[in-house]
Amino acid sequence: MSKVVVVGGGVVGLFSAWFLQKKGFQVTVIDRGDFTNGCSHFNAGLIVPSHVIPLASPGMLRKGIKNLLNSKSPVGFRIAPEKDLLRWYLKFTAVANERHVHRSINVLRDLSLLSKDLFTDLKESGELDFPLWQNGLLMLYQAEKAGEDLREEAEIAKEAGLDVEELSQADIRKLEPGIQAEVSGGFHYHSDDHLNPSVLMQALYVSLESKDVQFVKDCTVTTIQTSAQKATALETDKGIFEFEELVIAAGMWSSQLLKKLKVNIDVQPGKGYSFMTKQTPVNYPALLADANVAATPLGNGLTQFAGGMEIGYTGYTITAARVQNIIKGANSFYRLDQNIEPKETEIWQGHRPCSFDGLPYIGRVPEFQNIHVGTGHSMMGLTLGPVTGLLLSESIAGEKTSLDLNPFRIGR
């Protein structure tokens, strides 16, 4: 039985372990944390085939330039004389064009729809016990300019074959009686689902542990041992781990690990924030376009509000203005029982691994025969966790992959 070590205990790492153990591999997952925190646990919980437009797009480029020095904007870009950061910006601006968007639409659609099917199969088979709500996603707007942008995105999604319904203000009120009068209209993406990410992660961990997958927490990799074109072992502060195959799925830290091998991938952290509240009128998950805020009902009366995209920010200092933007967005779209005032200890922050072109890195490192990467999913990590794990397991097993890996190749 071949040994595989997976570095990274997030949703991509655990789904890689899931599909690898199903194919008969002996799997060990190591993580720098304790498997209870991180983007995979506290994201918005959205499974979004609707997101067929990559992060590297003219719209995001315009937002970045417009709000470059505005700490109150939902989007922020850190400027610093750092080689990796500057290279990321150069490559991002080079591909943030309509040609790249149109080339990426079908790629992202196929990737996310297969992942959605995998979620459904796991739920219906009973292999994993987690709540999965299949009510679609609302994209709501107040200002007409935001509505025009959403309408353009909806047309693109329809052309890609997704089921999208335009909603009037009256339609929205039927679905969400607690909506504010200022909400003008929106779109219902019937293609999308949502779940409680922390419940999913706990279910994955418990199930994998019962299938003899080994977990090593609070483990820092110091050296990757290699011989010729193969990696042979990891040196860590918890000992040495030997393997036949290595999967690096450590989010934004993946690039640091690969640098130990003189391999570069263009990934920068995109820091975001979220918090939960119990006083909630939210029935459907929604993206609040004017505020760039996500609202997700997570069951048991909980609603999570999330937002912010700070490219290149690696630290853990909370940008209060961006949190206030999330609070303002929640209050401007919903009639809440009382004002939201989360304490600083109740605000979660995490660093999403953002590739320069908005497509994930999935596949084998060209310089090594047995090192594989799954990272760079931007805000789509939860959505694409299952399909990334499946594709990596197929590649490692020497099988024909369910989708072409060329768009996600390392070194592009």
Side-chain angles (χ1 to χ4, degrees), residues 1-41 118 122 125-130 197-227 230-254 256-258 260-261 353 362-365 368-375 381-382 385-399:
M1 184 184 295
S2 295
K3 292 181 180 179
V4 182
V5 169
V6 177
V7 182
V11 68
V12 173
L14 293 197
F15 270 117
S16 296
W18 177 270
F19 287 104
L20 284 164
Q21 61 83 24
K22 286 178 75 72
K23 292 183 182 298
F25 290 95
Q26 181 182 338
V27 184
T28 298
V29 183
I30 69 174
D31 192 80
R32 63 198 298 272
D34 64 359
F35 298 97
T36 65
N37 206 330
C39 292
S40 297
H41 294 263
L118 292 171
L122 285 169
S125 69
E127 288 185 274
L128 275 182
D129 184 17
F130 65 99
S198 63
V199 174
L200 170 71
M201 293 300 291
Q202 178 63 16
L204 269 171
Y205 185 93
V206 170
S207 181
L208 287 169
E209 203 171 35
S210 73
K211 300 175 189 300
D212 297 324
V213 170
Q214 302 299 307
F215 290 93
V216 184
K217 65 181 181 179
D218 302 321
C219 182
T220 300
V221 177
T222 56
T223 303
I224 302 176
Q225 296 180 3
T226 61
S227 176
K230 280 195 170 186
T232 56
L234 296 179
E235 294 181 23
T236 78
D237 59 354
K238 293 289 182 73
I240 295 177
F241 297 86
E242 297 180 343
F243 51 77
E244 278 76 48
E245 304 286 343
L246 174 64
V247 174
I248 297 177
M252 78 165 191
W253 293 280
S254 299
Q256 297 174 18
L257 291 170
L258 289 167
K260 296 177 183 293
L261 304 169
I362 306 172
R364 187 176 65 82
V365 175
F368 294 91
Q369 298 174 12
N370 65 335
I371 301 179
H372 314 267
V373 175
T375 191
L382 176 73
V387 71
T388 302
L390 173 66
L391 292 171
L392 287 173
S393 72
E394 291 172 337
S395 177
I396 291 168
E399 301 171 359

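Since the model is a prediction, treat every value here as computed from it, not as a measurement. Below, each value reflects all heavy atoms present in this structure, side chains not excepted, and no hydrogens, waters or symmetry copies.
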Worksheet entry | Chi angles and distances behind the side-chain contact (heavy atoms from CB on, under 4.5 Å) call for Leu246, Ile224 | CA-CA 10 Å; Leu246 174 64; Ile224 302 176; 4.3 Å; yes
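- Residues Val206 and Glu209 form no side-chain contact, since every pair of their non-hydrogen atoms from C-beta on lies 4.5 Å or further apart.
- Of all non-hydrogen atoms in Thr232 and Ser227, the two that sit nearest each other are CG2-CB, 4.1 Å.
- Within a 6.0 Å radius of CG in Asp129, other residues, nucleotides and ligands contribute 12 heavy atoms or fewer.
- Between Ile248 and the options Val221, Leu258, Val365, a side chain to side chain contact (heavy atoms under 4.5 Å, CB included) holds for only Leu258.
- Of the possible polar contacts, none joining the Thr375 side chain to the Ala249 backbone as a donor-acceptor pair under 3.5 Å is found.
- A distance of 15.0 Å separates CD in Gln225 from NZ in Lys230, rounded to the nearest 0.5 Å.
- Atom CD of Glu242 has 12 or fewer heavy atoms from other residues, nucleotides or ligands within 6.0 Å.
- Here Phe35 pairs with Tyr205, Phe215 under the ring pair (Phe, Tyr, Trp, His ring centres under 6.0 Å) rule; sequence neighbours left out.
- Here the CG atom belonging to Leu204 is positioned 5.0 Å from the CG atom belonging to Leu200, to the nearest 0.5 angstrom.
- Put simply, the side chain of Asn370 gets close to the backbone of Glu244: a donor and an acceptor are under 3.5 Å apart.
- A distance of 13.5 Å separates CD1 in Ile362 from NE2 in His372, rounded to the nearest 0.5 Å.
- A donor-acceptor distance shorter than 3.5 angstrom exists from the side chain of Thr222 to the backbone of Glu235, with no hydrogens or angles considered.
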Worksheet entry | Criterion side-chain contact (heavy atoms from CB on, under 4.5 Å) on Phe243 and Leu234, from CA distance to verdict | CA-CA 8 Å; Phe243 51 77; Leu234 296 179; 3.8 Å; yes
Acceptor/donor pairs from residues 3-24 side chains to any protein atom, 3.5 angstrom cut, sequence neighbours excluded:
unit_1: Ser16; atom_1: OG; unit_2: Val12; atom_2: O; d: 2.8
unit_1: Gln21; atom_1: NE2; unit_2: Trp18; atom_2: O; d: 2.9
unit_1: Lys22; atom_1: NZ; unit_2: Glu127; atom_2: OE2; d: 2.8
unit_1: Lys23; atom_1: NZ; unit_2: Glu399; atom_2: OE1; d: 2.9
unit_1: Lys23; atom_1: NZ; unit_2: Glu399; atom_2: OE2; d: 3.3

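- Within the 3.5 Å criterion, the main-chain N or O of Leu122 finds a donor-acceptor partner in the side chain of Ser125.
- To the nearest 0.5 Å, atoms OG (Ser395) and CG (Leu390) are separated by 11.0 Å.
- In summary, of the residues considered (Asp31, Ile30, Val29, Thr236), a side chain to side chain contact (heavy atoms under 4.5 Å, CB included) with Val216 occurs for Ile30 alone.
- Atom CD1 of Ile371 is separated from atom CD1 of Ile396 by 11.5 Å, given to the nearest 0.5 angstrom.
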